[in-house]
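Only one structure is covered here, and it is reproduced in the block below.
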Amino acid sequence: MQNSAYNSLPIYRKSLALRDLSSAVATYFSNDTTFFKLQRTASLREDIAISLYTDSSLISQQIKQAETSNSYEIRMKSATFINVITRNILCYCNGLEHDGVKEKEYVNLLRRELKSFRKSFKQWRKSLQ
């Protein structure tokens with residue numbers, strides 16, 4: 001599958017939307033100006049923000065890997081990895097709330113986007129078989 005064909009996949013477009021929203025939320029909640037340098041920080045909130053950004057970026061890569069692979073095993077490993085990443089992102093949302101963020105509407109927005117992605121993901125996963 002060519003790179004331009006990825007843009008036509010609904011799951012891929014949703015993964016990019018999830019990545020962009022996760023990046024925006026992570027940047028907003030990070031107090032560190034060196035956030036995108038991915039340096040080790042002392043704050044739990046900043047660690048969560050970095051993890052949120054990193055994990056959400058991996059989803060679209062795994063979708064590409066699954067779509068280009070001829071191996072059923074590799075496709076299923078990518079789908080399993082995406083499932084783990086989405087659960088991690090949900091845990092990061094919970095972690096941000098427990099860390100005391102005041103702007104919970106942003107966290108809830110990310111949860112809604114994640115829920116929408118997971119719905120599309122389940123349909124896409126069935127198509128891999």
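Sequence positions, counted from 1, serve as the residue numbers for this chain.
- Between the side chain of R45 and the backbone N or O of D99, at least one donor-acceptor pair lies under 3.5 Å.
- Distance check: L52 CG to S57 OG gives 9.0 Å after rounding to the nearest 0.5 Å.
- Sorted by first and then second residue, the pairs that involve residues 107-116 and meet side chain to side chain donor-acceptor pair (under 3.5 Å), not counting sequence neighbours, are K14-S116, N94-R111, E97-R111, N108-R111.
- Counting only heavy atoms from C-beta outward, the side chains of I82 and F117 approach each other to under 4.5 Å.
- Residues satisfying the salt bridge (charged side-chain N to carboxylate O under 4.0 Å, His left out) criterion with E105, sequence neighbours excluded, are absent altogether.
- One finds the CD1 atom of I48 at 10.0 Å from the SG atom of C91 (value rounded to the nearest 0.5 Å).
- Looking only at distances, no side-chain donor or acceptor of S23 sits under 3.5 Å from a matching main-chain atom of R19.
- Between the side chain of T68 and the backbone N or O of K64 there is at least one donor-acceptor pair closer than 3.5 Å.
- By the rule that hydrophobic residues join a cluster once side-chain heavy atoms approach within less than 4.5 Å of another member, I50 and V84 end up as members of separate clusters.
- Qualifying salt bridge (charged side-chain N to carboxylate O under 4.0 Å, His left out) partners for D20, counting only residues two or more places apart in sequence or in other chains: none.
- The distance from the OG atom of S71 to the CE atom of M76 is 9.5 Å, given to the nearest 0.5 Å.
- Distance check, rounded to the nearest 0.5 Å: CG of D55 to CZ of F81 gives 7.0 Å.
- Note that the CG atom of L114 and the CG atom of L90 stand 6.0 Å from one another [nearest 0.5 Å].
- When atom types are taken as modelled, the side chain of S30 and the backbone of T27 share no donor-acceptor pair closer than 3.5 angstrom.
- Note: Y53 OH to I89 CD1 = 13.0 Å, rounded to the nearest 0.5 Å.
- Using cut-offs of 30° and 60° for the angle between ring planes, the W124 and F121 rings count as tilted.
- Between the S69 side chain and the Q65 main chain, no donor and acceptor come within less than 3.5 Å of each other.
- A single hydrophobic cluster is seen to contain both I59 and L128, as judged by linkage of ILVMFWY side chains at heavy-atom distances under 4.5 Å, directly or through other members.
- Connection of I74 to I11 is not established within any shared hydrophobic cluster, with ILVMFWY side chains joined at heavy-atom distances below 4.5 Å, either directly or through further cluster members.
- The side-chain heavy atoms of L96 and L110, taken from C-beta on, include no pair separated by under 4.5 Å.
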